[in-house]
Amino acid sequence: MIEANGIYKSFYVASQPLQVLNNVSLLIKQGEFVSLMGPSGSGKSTLLYILGGLDSADSGSVSIDGRQLSGLSDAAASAMRRDSIGFVFQAYNLIDNLSVEENILLPALLGGKKRESMLPWLEELLQGIGMHSHRKHRPAELSGGQQQRTALARALINRPKVIFADEPTGNLDSRNGAEVLELLGKMNRQYGVTILMVTHSEDAALSSGRVIRLRDGQIISAPDELMI
């Protein structure tokens, strides 16, 4: 489902190149739930953004479900990110003046889908994340855990094949973080969506089926077998 080959990425700091990713290759199969771990500065978030098409590599190739990202036009890449990929970020990124249900529906409506056609799926997602009674609330009226659960449902609204999650529990206490991880696992099992999650937490990584570890821009461990 996700394949990267020979990814290199550098940033420039005071006109000097700083290599962030050094010849990174990986393969994530359809339906896997994989954690991407490494110390601060190891390149894990940069790799996630490149795999999701939010950033570009200096060299190397990335494909999602057999489609090469580098060969897509800007419009096609944008459509792919909207329709085939869901994103979840540490900071939730909800729209302040929209309700829970409006935030969830936004990617579908931006893609040209009719609100009425999305209502049955919206109801299922609201029930699944335990937010049905808060559907009319705005982000300022929600806890951090409730906001992140809303963001998870928003990531699922277009029925993506892949969800990229960047430190989804980073702003949450242990109880709310555990609930979000449980929901990610449920999405993976119930809907078959492939999940790649960046995390610095060993406890969070235990919720996934496999852990890929980075250090200094290189993969140092990527077991092929699923963890039990």
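- Between Arg213 and Val211 there is a side-chain heavy-atom pair separated by less than 4.5 Å.
- Connectivity analysis of hydrophobic side chains (ILVMFWY, heavy atoms under 4.5 Å, direct or indirect) links Leu110 to Ile95, Leu98, Leu106.
- When side chains are defined from C-beta on, Phe164 does not count as touching Val88, because their heavy atoms never get closer than 4.5 Å.
- One finds the CZ atom of Arg154 at 12.0 Å from the OH atom of Tyr92 (value rounded to the nearest 0.5 Å).
- The closest side-chain donor-acceptor pair between Asp166 and Ser45 falls under 3.5 angstrom.
- Side-chain contact between Val193 and Lys161: absent, with no pair of heavy atoms (C-beta onward) separated by less than 4.5 Å.
- No hydrogens or angles considered: a donor-acceptor pair under 3.5 Å links the side chains of Glu123 and His132.
- Asp55 CG to Leu48 CG: the interatomic distance, rounded to the nearest 0.5 Å, is 11.0 Å.
- From Ile219, atom CD1 reaches atom OG of Ser25 across 7.0 Å, with rounding to the nearest 0.5 Å.
- Every residue two or more places apart in sequence or in another chain that forms a salt bridge (charged side-chain N to carboxylate O under 4.0 Å, His left out) with Arg115 is listed here: Glu101.
- Considering only residues two or more places apart in sequence or on other chains, Gln190 meets the side chain to side chain contact (heavy atoms under 4.5 Å, CB included) condition with Glu124, Lys186.
- Distance check, rounded to the nearest 0.5 Å: CG of Asn188 to CZ of Phe33 gives 6.5 Å.
- Arg135 and Glu141 are not joined by a salt bridge, as no carboxylate oxygen comes within less than 4.0 angstrom of a charged side-chain nitrogen.
- Of the N and O atoms on the side chains of Asn22 and Lys9, not one donor lies less than 3.5 Å from an acceptor on the other residue.
- The shortest side-chain heavy-atom distance between Pro17 and Phe11 does not fall under the 4.5 Å cut-off.
- Under a 3.5 Å cut-off, the side chain of Gln146 and the backbone N or O of Ser143 do form a donor-acceptor pair.
- From Leu156, atom CG reaches atom CD1 of Ile163 across 4.0 Å, with rounding to the nearest 0.5 Å.
- A heavy-atom distance below 4.5 Å is found between the side chains of Leu142 and His134.
- A distance of 12.0 Å separates CE in Met1 from CD1 in Ile195, rounded to the nearest 0.5 Å.
- By the 4.5 Å heavy-atom criterion applied to side chains, Asn23 and Ile7 are not counted as neighbours.
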